[in-house]
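Below, each value reflects all heavy atoms present in this structure, side chains not excepted, and no hydrogens, waters or symmetry copies. Nothing here was measured: the structure is a model prediction, and the numbers come from that model. We count ligands from 1, going down the list as the structure has it; atoms in each ligand are counted the same way.
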Amino acid sequence: MSKSGQELHYPFEVKEFEPKELEEVRKRFTKAPYDDFIRVGPKGYVFYKGFLKYAPKIYNFALRPDDTFVVSFPKSGTTWVQEMVWMIANDCDYEGSVNIPLTHRYQFLEWGMLFNNKHIQEIADEYSKSDDEKKKLLAAKLKSSDVDICANKPSPRFIKSHLPLSLLPPTLLDTCKVVHVARNPRDVLVSYYYHIKTVAKLRYDIELKQLWNLFINDQLEWTPYFENVKESWTRREHPNMLFLFYEDLLKDLPSAVKRVAKFLGKTMTEDQVSRLCDHLSFENFKKKNSLVEFSAVSSDNVLVRKGKSGGWRQYFDEEMKQQATNWMEDNLRDSDFKFPFYEN
Ligand code: A3P
């Protein structure tokens, strides 16, 4: 419902998981699971049921021409690209970057869906009464709705989302600049595994191989992975879309910075590019904690963990390697999409 009480238009069908499937995906939660899972739209994107509270608001979100979006499948280098985009758009405001956490410079549109369930609300209630300032900060973050915060934020706004284009406002590309970053899904999965083990350790208990199976069977939040990536890929020639690969950034960061600058209509000297690349280097970026609100439950900076490509090889057994090859072939058969993996 909108503020005026009118029902917002939301054209997608929503399906609940079948009980048997639900049982399988719930296995990864040690405590109460997130509220139940649903599939949205013709591609069946998977979310927590709490997503429905935000989905129509997001789909009907009032865009402004000076909004900048960074979109991706989770764990594809989003945070890195967010920092790069924000810095370039803000004429390399190093002071702003140091003083304002990334989670305040960007709103994460579907953030609220992650915490819109009883278990997390109980934790948030408990933490908000704590004497520990870090816990209080986390409680406030868990209870916040970024899409509502964003609606009232002054321009220019910077917005992050892991939603595919089809679930974002339909006029997005004709209104705002959008940067998509994609990454080898095998590395995405390993990164995801560590993310949920650390940031979300309050709730999860799952082996990497189990998580992989949920991922390739489209039973993990935000999947199907390839549909998300291909939606942006097919619009990559649109003047308001810039499609980046994480692996390209690793290989040649200055070129990526220059591409983003050109896309955002900014000119940068070689010195400015070089200083920004130093700022964005893994070592320097690691020192910043982009998820400050989570320091109450995790001292690790999981958004900047290893920062390599091809790390999946240490984790995948023969069966997983074969599954990955088949899964990628199946999903890319009718597409001209190609990953620049740069690995042996
Ligand atoms: P790993 O977990 O494989 O190390 P997201 O921001 O979408 O959650 O993506 C997180 C991934 O981006 C992590 O991958 C993280 O290490 C990597 N990353 C973040 N900053 C980076 C940087 N400066 N250089 C290289 N990789 C970086």
Side-chain angles (χ1 to χ4, degrees), residues 69-88 94 97-98 101-103 105-111 114 146 158-164 178-201 204 208 211-212 215 220-223 225 228-229 232 243-257 260 273-294 298 300-316 339-343:
F69 277 67
V70 172
V71 299
S72 63
F73 190 88
K75 309 317 294 173
S76 300
T78 328
T79 318
W80 197 16
V81 171
Q82 282 178 262
E83 179 72 11
M84 184 195 291
V85 164
W86 190 89
M87 283 297 284
I88 295 171
Y94 288 96
S97 163
V98 169
L102 200 59
T103 42
R105 284 182 270 146
Y106 277 80
Q107 256 62 52
F108 179 6
L109 270 195
E110 67 272 25
W111 169 264
L114 293 169
D146 268 21
F158 292 85
I159 298 169
K160 155 188 169 176
S161 178
H162 294 311
L163 297 178
V178 180
V179 179
H180 184 113
V181 58
R183 182 184 191 188
N184 182 338
R186 294 168 292 195
D187 283 329
V188 162
L189 193 272
V190 175
S191 186
Y192 210 117
Y193 175 72
Y194 281 101
H195 184 104
I196 65 174
K197 283 276 181 199
T198 346
V199 166
K201 67 182 168 193
Y204 288 93
L208 189 129
L211 192 72
W212 166 250
F215 182 53
L220 191 65
E221 50 278 5
W222 286 289
T223 60
Y225 167 88
N228 179 319
V229 171
S232 287
F243 195 100
L244 300 174
F245 284 104
Y246 174 83
E247 291 78 9
D248 283 337
L249 267 62
L250 278 184
K251 192 164 183 246
D252 185 354
L253 192 56
S255 295
V257 165
V260 172
V273 171
S274 164
R275 186 172 171 207
L276 181 57
C277 288
D278 190 46
H279 172 82
L280 293 168
S281 72
F282 182 81
E283 293 69 28
N284 283 336
F285 202 41
K286 178 103 184 142
K287 290 180 204 146
K288 292 165 71 79
N289 189 353
S290 303
L291 264 184
V292 276
E293 290 88 355
F294 279 81
S298 171
D300 292 343
N301 184 355
V302 288
L303 296 180
V304 192
R305 189 186 60 94
K306 279 260 188 247
K308 298 263 182 287
S309 85
W312 62 273
R313 288 173 187 279
Q314 290 169 25
Y315 298 88
F316 277 44
F339 285 108
F341 284 149
Y342 306 125
E343 46 179 81

Chemist: Does any part of the side chain of Ser309, heavy atoms only, come nearer than 4.5 Å to the side chain of Asn184, both counted from C-beta?
Modeler: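 Not touching, per the 4.5 Å side-chain cut-off.
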
Chemist: Report the part of Ser76 (side chain from C-beta onward, or backbone N, CA, C, O) that has a heavy atom under 4.0 Å from ligand 1; answer both or neither where that applies.
Modeler: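 Under 4.0 Å from ligand 1, Ser76 contributes backbone atoms alone.
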
Chemist: Does ligand 1 come near enough to Asp187 that some N or O of the ligand is less than 3.5 Å from an N or O of the residue?
Modeler: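 No: no nitrogen or oxygen of Asp187 is under 3.5 Å from one in ligand 1.
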
Chemist: Can you find a heavy atom in the side chain of Leu280 that is under 4.5 Å from one in the side chain of Leu249?
Modeler: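 They are not in contact (no side-chain heavy atoms under 4.5 Å apart), so the answer is no.
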
Chemist: Assess Gly77 for proximity to ligand 1: is some non-hydrogen atom of it under 4.0 Å away?
Modeler: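 Yes, Gly77 has heavy atoms under 4.0 Å from ligand 1.
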
Chemist: Please verify the inter-ring angle class for Tyr315 with Tyr194; under 30° counts as parallel, over 60° as perpendicular, anything in between as tilted.
Modeler: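 Perpendicular, since the angle between the ring planes exceeds 60°.
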
Chemist: Within a distance under 4.0 Å of any heavy atom of Thr79, pick out the atoms of ligand 1 and give their elements.
Modeler: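 Numbered from 1, ligand 1 contributes 5 (P), 6 (O).
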
Chemist: Counting heavy atoms only, which part of Tyr246 comes closer than 4.0 Å to ligand 1: side chain, backbone, both or neither?
Modeler: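 Side chain only.
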
Chemist: Hey, does Gly307 come in under 3.5 Å of ligand 1, counting only N/O atoms on both sides?
Modeler: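 Yes.
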
Chemist: Does Arg275 qualify as a cation-pi partner of Tyr94, given the criterion of NZ or CZ under 6.0 Å from the six-membered ring centre and within 45 degrees of its axis?
Modeler: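 Yes, Arg275 and Tyr94 form such a contact.
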
Chemist: Could you tell me which atoms of ligand 1, counted from 1 in the order shown, lie closer than 4.0 angstrom to a heavy atom of Phe285?
Modeler: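 So the atoms of ligand 1 that pass are 20 (N), 23 (N).
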
Chemist: Parallel under 30°, tilted from 30 to 60°, perpendicular over 60°: which one fits the rings of Trp312 and Phe316?
Modeler: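 Plane angle over 60°, so perpendicular.
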
Chemist: Strictly under 6.0 Å, is that where the ring centroids of Phe73 and Phe215 end up?
Modeler: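 Phe73 vs Phe215: aromatic centres under 6.0 Å.
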
Chemist: Does any N or O atom in Lys75 lie less than 3.5 angstrom from one in ligand 1, N or O only?
Modeler: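 It does: an N or O of Lys75 is found under 3.5 Å from an N or O of ligand 1.
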
Chemist: Please work out which of Val181, Val70, Thr78, Val190 has its closest non-hydrogen atom nearest to atom 5 (P) of ligand 1.
Modeler: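 That would be Thr78.
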
Chemist: Determine the interplanar angle of the Trp222 and Phe108 rings, folded into 0 to 90°, and report it as parallel if under 30°, tilted if 30 to 60°, perpendicular if over 60°.
Modeler: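 Correct class here is parallel.
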
Chemist: Under 4.0 Å, heavy-atom basis, I'd like to know which part of Phe282 is in contact with ligand 1: side chain, backbone, both or neither.
Modeler: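 For Phe282, backbone and side-chain atoms both sit under 4.0 Å from ligand 1.
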
Chemist: Scan side-chain atoms only and decide if Glu221 and His162 contain a donor-acceptor pair under the 3.5 Å cut-off.
Modeler: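 The criterion, which ignores hydrogens and geometry beyond distance, is not satisfied for His162 and Glu221.
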
Chemist: With heavy atoms only and a cut-off of under 4.0 Å, state how Leu280 meets ligand 1: side chain, backbone, both or neither.
Modeler: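 For Leu280, only backbone atoms sit under 4.0 Å from ligand 1.
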
Chemist: Out of Lys306, Lys308, Arg183, Lys286, who is nearest to atom 3 (O) of ligand 1 when you count heavy atoms only?
Modeler: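 Among Lys306, Lys308, Arg183, Lys286, the closest heavy atom to atom 3 (O) of ligand 1 comes from Arg183.
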
